[in-house]
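Just so we're on the same page: letters track the sequence lines, and every chain starts at 1.
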Amino acid sequence: RKEVEQDPGPFNVPEGATVAFNCTYSNSASQSFFWYRQDCRKEPKLLMSVYSSGNEDGRFTAQLNRASQYISLLIRDSKLSDSATYLCVVRYTGTASKLTFGTGTRLQVTL
Amino acid sequence: GAVVSQHPSWVICKSGTSVKIECRSLDFQATTMFWYRQFPKQSLMLMATSNEGSKATYEQGVEKDKFLINHASLTLSTLTVTSAHPEDSSFYICSARGGSNRDTQYFGPGTRLTVL
């Protein structure tokens, strides 16, 4: 079983739609959680950290459920520029703070 | 924000040759640098972690004699793919941590290696 699992998609949604991505992680020792965005042939870029209380950044909302080892990302009012691959990333304790990446969920926003 | 550069951005080489990729932190001192590899439609896989002035720590399954990592200064780390083969063709990305925000990793733009 992969340490971080995501539905690869693609998710094809019209502009203005709301879309949600989910992610599960297997190691309960996970300490920190992030969503990264990666455009085709580019490096990943930090979108937002994910906190237990849930957090929001503009149109983006992230949620964490430690009991279920589940992370989500909600994008409201999708824009064409949101088209990218969204990577779920966890950092474990006691491992020199290494990041472990999911395979990513691809989002394509269309007109 | 902090900037990490990589050079070259892409390289094509013949099988059997060695390729060196440079990773530089441009405006901060990187106490730790990470090297990742990403094959098409797969996740980033950590290859090794290096701290300035010490030997790199390689992940399981990564050959240290094939992927030579040197972290000679706080702003430069290099990855050398020795005797490259077509199966080494991949997207190599470095990441650096340090500076005022020691908990954040900054990623370089990546190097696309194609071995013929």
**Heavy atoms from other residues, nucleotides or ligands near NE2 of B:His7 exceed 12 (cutoff 6.0 Å)** =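 Check fails, neighbour count at 12 or below.
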**Message:** Can you tell me if A:Tyr51 has over 12 outside heavy atoms packed within less than 6.0 Å of its OH?
**Reply:**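 Counting neighbours around OH of A:Tyr51, 12 or fewer heavy atoms of other residues, nucleotides or ligands fall under 6.0 Å, so no.
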First locate atom [atom1] of [X], then atom [atom2] of [Y], and finally report the distance between them rounded to the nearest 0.5 Å.
X        : Y        : atom1 : atom2 : answer
A:Glu43  : B:Thr111 : CD    : OG1   : 10.5 Å
B:Arg97  : A:Leu99  : CZ    : CG    : 8.0 Å
B:Phe107 : A:Lys45  : CZ    : NZ    : 12.0 Å

Identify which part of [X] has an atom lying under 4.5 Å from any heavy atom of chain B, answering side chain, backbone, both or neither.
X       : result
A:Phe34 : neither
A:Arg41 : both
A:Gln38 : side chain

**Message:** Using side-chain heavy atoms (C-beta onward) and a distance below 4.5 Å, is B:Lys41 in contact with A:Arg106?
**Reply:** no
**Which atoms of B:Leu46 approach chain A - backbone, side chain, both or neither, heavy atom under 4.5 Å** =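 Contact with chain A involves the side chain of B:Leu46 alone.
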**Asked** B:Gln6 versus chain A, heavy atoms under 4.5 Å apart: side chain, backbone, both or neither?
**Response**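 Neither part.
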Going hydrophobic residue to hydrophobic residue with side-chain gaps under 4.5 angstrom, can you get from [X] over to [Y]?
X       : Y       : value
B:Leu74 : B:Leu76 : no
A:Val4  : B:Met45 : no
B:Met33 : B:Tyr58 : no
B:Phe91 : B:Trp35 : no
A:Tyr92 : A:Val50 : yes

**Heavy-atom pair of closest approach, residues A:Gly102 and B:Ser43** =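 Distance-wise, the nearest heavy atoms are O-CB, 3.0 Å.
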**Request:** Heavy atoms only: give me the nearest A:Lys98-B:Phe34 pair and the separation to one decimal.
**Result:**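 Closest heavy-atom pair between A:Lys98 and B:Phe34: CG-CE2, 4.5 Å.
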**Fill in**
Of the listed A:Pro44, A:Ser49, A:Gly104, the one with the largest count of heavy-atom pairs under 4.5 Å with chain B is A:Pro44
